[in-house]
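Every number for a ligand or one of its atoms is a count from 1 in the order of the listing.
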Amino acid sequence: MRIFSGIQPTGRKHLGNYIGAIIQYVSSQERGQALICVVDLHALTVPFDPVELRQLVYDTAAILLAAGLDPERCILFRQSDVPEHSELTWLLTAVTAKGDLERMTQYKDKSAKQRELSTAGLFLYPVLMAADVLLYRAQEVPVGDDQRQHLELMRDIAVRFNSRFGETLVVPEARIPEVGARIMDLQDPTSKMSTTSASVEGTVYVLDEPAQIERKFKRAVTDSGEGVRRAPDKPGITNLIDILAVVRGQEPAQIEREFANTRYGEFKVAVAAAVSEYLAPVRERYNELRADEARLEEILAAGADRAREIAVATMADVRAVMGVGAPR
Ligand code: ATP
Ligand code: MG
């Protein structure tokens with residue numbers, strides 16, 4: 001079983017990334033050959049600073065290692081170190097419908113927010129993401145709920161490629177957690193917590209200090225009613241229940257039973273304490289790991305060498321069936 005997933009070095013990673021994706025990356029090491037990629041090329045689709053980008057790659061890699069990725073048991077690498085990602089993106093545009101890209105929610109949302117330049121990269125983002133996964137012929141892709149649509153498109157691209165050029169690529173499956181796949185912004189529980197476009201007060205960062213975590217949960221927006229239970233008209237409380245369920249490793253129903261008669265204020269304090277305790281060891285390990293950039297670079301470079309071996313083999317097949325380059 002081969003598993004691939006990517007995470008953007010676009011800014012401070014948050015509890016949504018941690019619960020929706022990073023926990024799944026860590027457990028994927030037990031289930032097969034996991035490739036986890038810091039996707040710096042994806043970060044070029046929104047405004048970025050070149051000097052900061054390098055630093056953010058280290059930040060993101062250190063968070064992943066602190067969360068429990070083990071370079072001995074997975075392939076952790078930086079996307080741009082494997083140039084085949086870019087090459088395959090271009091080749092896949094030949095089997096991607098422009099109309100499908102125009103329908104992507106993330107493209108519509110993010111391009112509407114760009115004030116200066118809405119880049120072609122933002123439009124092609126899902127093709128690059130398809131290339132990321134298809135390059136490794138991965139069977140499974142652990143992601144949060146917001147990536148569902150991109151995964152469907154990726155599958156369509158693989159199917160179209162195979163029917164046009166012959167069975168070459170593996171059609172991957174999304175792996176989306178049942179609870180925690182869509183952690184919402186604490187200040188606006190109708191929007192997902194996001195690296196690039198959320199309110200700082202509504203976003204719990206993996207590296208937040210306990211006092212910041214407590215403040216953010218205490219101020220979390222909830223409905224004016226009562227009753228700690230999940231309901232469509234209670235997105236704020238539902239979000240807090242899901243968060244507590246995941247960090248405690250329990251079912252949301254158990255949380256509802258335990259806190260049935262608890263007031264919102266008290267419940268928020270309990271969630272804050274649990275999240276604080278949950279993230280504290282990650283923050284500690286992060287501080288140690290982040291301090292040694294040479295070591296981080298070494299890990300990423302070794303990962304890229306291993307990833308590249310797989311990528312080069314796929315690209316040779318793709319070029320051959322597409323009639324691109326010298327015949328082999
Ligand atoms: P941006 O909002 O700029 O796209 P992001 O917060 O989505 O940033 P990414 O690096 O794009 O961060 O996503 C990494 C992984 O985290 C993806 O698998 C994505 O589905 C997941 N993820 C992102 N936000 C959430 C969330 N609020 N809840 C659960 N999973 C999430
Ligand atoms: Mg995202």
- Message: I need the single residue from Asn17, Asp59, Leu15, Leu279 that forms a side chain to side chain contact (heavy atoms under 4.5 Å, CB included) with Val206. Which is it?
- Response: Leu279
- From the options Asp146, Ile23, Val143, select the one whose nearest heavy atom is closest to atom 20 (O) of ligand 1. Asp146
- Message: Counting only nitrogen or oxygen atoms and a 3.5 angstrom limit, does Lys192 reach ligand 1?
- Response: yes
- Who's the nearest protein heavy-atom neighbour of atom 3 (O) of ligand 1, and how far? Thr196 OG1, 2.5 Å
- Message: Quick check on contacts: which atoms of ligand 1 are under 4.0 angstrom from a heavy atom of Ser194?
- Response: 1 (P), 2 (O), 6 (O)
- Item | Within-cut-off N or O pair, Thr195 and ligand 1, under 3.5 Å | yes
- salt bridge (Lys or Arg N to Asp or Glu O under 4.0 Å) between Arg308 and Asp305, intermediate numbers included: CA-CA 5 Å; Arg308 203 140 187 243; Asp305 284 345; over 6 Å; no
- Message: Is there a continuous path of hydrophobic side-chain contacts, each under 4.5 Å between heavy atoms, that joins Val26 to Phe4?
- Response: no
- Message: Heavy atom to atom 4 (O) of ligand 1, shortest distance: which of Met193, His150, Lys110 holds it?
- Response: Lys110
- Query: For ligand 1, is there an N or O atom under 3.5 Å from any N or O atom of Ser5?
  - Reply: no
- Going by distance alone, is a donor N or O of one side chain under 3.5 Å from an acceptor N or O of the other, for Gln55 and Arg290? yes
- Item | Short N or O distance, Asp145 and ligand 1, threshold 3.5 Å exclusive | no
- Run the salt-bridge test on Asp109 and Lys192 with the 4.0 Å N-O cut-off and return the result as yes or no. no
- Query: Centres of the His85 and Tyr136 rings: under 6.0 Å?
  - Reply: yes
- For the residue pair Asp188 and Ser191, what are the closest heavy atoms and their distance? OD2-OG, 2.6 Å
- With heavy atoms and a 4.0 Å threshold, my read on which part of Lys13 contacts ligand 1 is side chain
- Message: Give the atom numbers and elements of ligand 1 that come within less than 4.0 Å of a heavy atom of Ile7.
- Response: 10 (O), 14 (C)
- Task: Do me a favour and list the nearest non-hydrogen protein atom to atom 10 (O) of ligand 1 with residue, atom name and distance?
- Result: Gln8 N, 2.8 Å
- Query: Would the number of heavy atoms belonging to other residues, nucleotides or ligands and lying under 6.0 Å from CD of Glu251 be above 12?
  - Reply: no
- Task: Tell me, please: is His14 in heavy-atom contact with ligand 1, that is, under 4.0 Å?
- Result: yes
- Item | Structural part of Ala21 in contact with ligand 1, heavy atom criterion under 4.0 angstrom | side chain
- Message: So that I can tick it off, tell me whether Arg295 and Glu298 are bridged by a salt bridge, with the cut-off set at under 4.0 angstrom between side-chain N and carboxylate O.
- Response: yes
- Query: Should you measure from each heavy atom of Gly20, which atoms of ligand 1 turn up under 4.0 Å away?
  - Reply: 29 (C), 30 (N)
- Hydrophobic cluster membership, Phe77 vs Leu289, 4.5 Å side-chain cutoff: no
- Note on the structure: ligand 1 atoms nearer than 4.0 angstrom to some heavy atom of Gln147 are 20 (O)
- Message: If the threshold is 4.0 Å, N to carboxylate O, is there a salt bridge linking Arg78 and Glu297?
- Response: yes
- Note on the structure: Restricting to heavy atoms, the pick from Val38, Asn17, Ile183 nearest atom 22 (N) of ligand 1 would be Asn17
- Query: Does any donor atom in the side chain of Thr105 or Gln149 lie under 3.5 Å from an acceptor atom in the other side chain?
  - Reply: yes
- Task: Give the residue, atom name and distance (to 0.1 Å) of the protein heavy atom nearest atom 30 (N) of ligand 1.
- Result: Gly16 O, 3.2 Å
- Residue-ligand contact Gly180/ligand 1, heavy atom below 4.0 Å: yes
- So is Gly144 polar-close to ligand 1, meaning N/O to N/O under 3.5 Å? yes
